[in-house]
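Below you'll find the structure, written out as structure tokens, and then a few comments.
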Amino acid sequence: MKERYDFQAIERKWQQDWERNEIYGVSEVPGARKHYVLEMLPYPSGALHMGHIRNYSLGDSVARYQRMRGRNVLHPLGWDAFGLPAENAAIQHGVPPEKWTLENISKMKDQCKRMGFSYDWAREIATCLPEYYRWNQWFFIQMHRRGLAYSKKGPVNWCERCQTVLANEQVVNGLCWRCDTPVMQKDLAQWYLAITRYAEELLQGLDGLTQWPEKVRTMQRNWIGKSVGAKVRFPLEESDAGIEVFTTRLDTIFGATFLVLAPEHPLIADWLGQAGAPEELTLMVEQARSQDRRIRTDEATEKVGAFTGRFAQNPFSGERVPVWTANFVLMEYGTGAIMAVPAHDHRDFEFSHKYQLPVRTVIVSNGEQGLPDRPTEAMTEPGVLVDSGLYSGMTSQQAQQAMGELAEREGFGARTVTYRLRDWGISRQRYWGTPIPIIHCPQCGAVPVPEEELPVLLPKMEGVQMGGSPLQKVPEFVQADCPRCGAPARRETDTMDTFVDSSWYFFRYADPRNDSRPYGPEPVKYWMPVDLYIGGVEHAVLHLIYMRFFSKVMRDLELVDLEEPVKRLFTQGMVIKDGAKMSKSLGNVVSPDEIVREFGADSLRLFIQFCAPPDGELEWNDKGVEGCSRFLKRLWRVVFQFHQGLRPAQDFPHFDQLSDAERKVLRKLHQTIQKVTADLERFHQNTAVAALMELLNAVTEYADQDGARPEVLSQMFDPMVRLLAPFTPHICEELWRELGHEGSVVNAAWPAYDPQLAREEEIEIVVQINGRVRARVGAPAEVTLEGMKELALADPRVQDFVQGKDVRKVIAVPGKLVNIVISG
RNA sequence: GCCCGGGUGGCGGAACAGGCAGACGCACAGGACUUAAAAUCCUGUGGGGGGCGACCCCCGUGCGGGUUCGAUUCCCGCCCCGGGCACCA
């Protein structure tokens, strides 16, 4: 008997064996049912943290389980290898970003192997390699050809610390998502991807993603921010120009007592440029423009404004309305101008109050009589129109339609839809990213690099420095000939946002070494969509919206025949310690390496799946790992103590020849098979592990009895090891071989449960009296409802309660419970 | 303010479709083994009360109501915590 569970030796041994035999390699097998399990690809920071371990342990147990169920499972991993930390390391320590990144990848890959994750490493990708990023460039060119990638000069989000532009999605509460520096506005020429063209489709598609968490779908809906309304043009007095406003409440237009322009509105600049512009106006506009965006867009910030001295005309009522400008109106939403209806909008109400502007009620609640004399707050609900000319008496909805139709007929407005979603700015003024494949020619303008010249290689740079696009300082890179006219030209020196890399990487796993296109149609057709995608919720409006966009574009490029790339999304919870996220600054980081060294990968994997439900937060607890390690030691002990003399399964005694204890433990086994299977299907790894612990408790109890029979134990160990294999593959592999099997447990079949054996022979019926448990009676499993009632009423304790009382009702729940309702 | 989650022992959590609240694990206490400790094994462990005793009673899933024979679970009204969005016209 092997005395000790030497996890270090066992884990090393089987990791080497699996690698040598390439046991985790997969290929397309026609006819075999595929299953694609994916985990969000990591940034190669240098070390896996507990969040990674949790993510990959969950994915790995699903991948192994599906494989044992006979699926052809694709389970790959790669590296999101471009990005700022590599560049910052280069600046701080003088290490070339490529070297830093590749070394980190190698370290982390090693950690993955030491965890025993079943990745097909033959499909590994790293986004910083030309063989990968050339396809980023290729996609960019395809998009450019269709007008989906375009360049535009305008205000962009700028992070001074990262020295680069950020996408809207990367600005979190006005701060840089990476370093929390307040984001400024800057005017720059940038490349954009036209995600807004897919806004409606991305929104509609969410309804079909029924296996995504509601939370993520809601976040995406909010982010896309669809508003249905109308644009209306208010002609300006003494001018040919007009002011176009966007409103979702066209029905309130008779209550529009003034207009407000954003301080950045082009008309404001015009007017300020003219002689005699009021000083007060100039001052206000300057103040608003220079206000920190975060403060400016905070609801709590005081609304300030100024009268422009101009008037416009309400196209519906013909009324003359003053034109104001104010800090609360933003240029980037709608038309940058609003009609203010103080009676029916909180913000307008507040503003009108401060500047003594008129408030006019034009909507009343259904069934309400008369007008409120002096409203104390805005009534923002829809209702019935009053004081609105021809439209008085209509409901808000009717009026919106009728007014919209009139505006369209008369040509001063139209019903329209706006979105909060902006096009995706992908230019980054940094070195370590995919070069944008564009050449700027003085004659021809921005010309895409011809496809056959891809990839545009990122030149090696020794001394990367902050400030400006680093590639500008590499003359050999910058100097290029125009692909169209051959004249000397300048190569684009910005690189792509790294979220481009991660927007399509999971397609590449299907065909990772293709060097003539991003992927071939057949492998993608076979493997896609991803059946299960596991990762953190923090990418809800970043990666998870970009990847949906890319998939739609690929469909329109006729590269794939697919609406949505991910069937089921699972967002796992964070790993925390002492109530806070693990972080270096808090000093509460637990290193997976140390845990693996002390308890082994299997114990860590088991604990991290046992300790909390996968979608909830996981509070780290060292003692908990120890408990899981104890469980594995006990498993080891019981198998090695009893496996000698185990007989093959066919010697198993007939059911009728089993003792009560033997039937009991066999029943527990089949119940456990049933439970673990169901729990894995519904992603409740924690209770699956708990069930396996219960099973081991039952088996140990039987095994320690006098007269425990080896042939019965043999029947127990075999399926038990298989059930546990997805969670703790190393120890299970060792035990599996010890039990006499030739091949790997990885390829063993998932055990089936026998409903007959899982069924209890004798059941316990809970007897309640007026809803309180008062007794328990035994009954045969096949007892009828009437039989249950009789048994319950016959029980002496029940008799005591019932005696002299009036039994009004007896309720029986099959196989479970009888409730006797008495009175008096 | 709006939208998602969530609130259960000392702790992490379980209870899948309204039917025994607290599975499993941690921690703790007592015991066995040991010269001793560690490891391991056994027993106990929501709170309160009663009985020599096998046991029995009462209370208990954030708070207050409701529906029901029966509510951690469903409904109404609150409180608290976590996350997301938020001057978006």
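First the proteins, then the strands, lettered A, B, ... as listed; each starts at 1.
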Ring centres under 6.0 Å, that's the criterion: do [X] and [Y] meet it?
X: A:F316; Y: A:F412; value: yes
X: A:W620; Y: A:F607; value: yes
X: A:F570; Y: A:W212; value: no

Under 4.0 Å, counting only non-hydrogen atoms across every strand here, what does [X] touch: a base, just sugar-phosphate, or nothing?
X: A:R630; answer: sugar-phosphate
X: A:K303; answer: base
X: A:E214; answer: nothing
X: A:N697; answer: sugar-phosphate
X: A:R774; answer: sugar-phosphate
X: A:R296; answer: base
X: A:K675; answer: base
X: A:R797; answer: sugar-phosphate
X: A:R682; answer: base
X: A:V821; answer: sugar-phosphate
X: A:G334; answer: nothing
X: A:N621; answer: sugar-phosphate
X: A:D348; answer: nothing
X: A:V329; answer: base

Worked verdict on A:R221 versus A:E214 for salt bridge (charged side-chain N to carboxylate O under 4.0 Å, His left out):
CA-CA 10 Å; A:R221 269 189 207 106; A:E214 192 50 50; 3.6 Å; yes
In whole angstrom, give me the gap between the [atom1] atoms of [N] and [M].
N: B:rC63; M: B:rG53; atom1: C1'; result: 41 Å
N: B:rU8; M: B:rA71; atom1: C1'; result: 14 Å
N: B:rA32; M: B:rA38; atom1: P; result: 14 Å
N: B:rU73; M: B:rU61; atom1: C1'; result: 10 Å

Indicate yes or no for a side-chain donor-acceptor contact from A:D602 to the backbone of A:I731 under 3.5 Å, with no hydrogens or angles considered.
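Yes; judged by distance alone, with no hydrogens or angles, the pair exists.
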Need two values: the first and the last nucleotide of RNA chain B, 5' to 3', having an atom under 4.0 Å from any heavy-atom of chain A.
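Reading along RNA chain B, I get B:rC3 to B:rA89.
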Taking atom types as modelled, is there a side-chain donor on [X] or [Y] under 3.5 Å from an acceptor on the other?
X: A:T672; Y: A:E694; value: no
X: A:S396; Y: A:D251; value: yes
X: A:T418; Y: A:Y333; value: yes

Taking for each residue the nucleotide of RNA chain B bearing the nearest heavy atom, is the 5' side occupied by A:E350 or by A:N686?
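Per heavy-atom nearest nucleotide, the more 5' residue is A:N686.
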Would you please enumerate the stems RNA chain B participates in, each stem being three or more consecutive Watson-Crick or G-U wobble pairs with both distances under 3.5 Å?
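Stems for RNA chain B, defined as runs of 3 or more consecutive pairs: B:1-7 with B:79-85, B:10-12 with B:24-26, B:28-32 with B:40-44, B:46-50 with B:55-59, B:62-66 with B:74-78.
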A quick test of your reading: do over 12 heavy atoms of other residues, nucleotides or ligands sit less than 6.0 Å from NZ of A:K664?
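No, the 6.0 Å shell around NZ holds no more than 12 heavy atoms from other groups.
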B:rG9, syn or anti by chi within 90 degrees of zero:
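Syn conformation for B:rG9.
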What residues, two or more places apart in sequence or in another chain, satisfy side chain to side chain donor-acceptor pair (under 3.5 Å) together with A:N697?
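Result, side chain to side chain donor-acceptor pair (under 3.5 Å) vs A:N697: A:R634.
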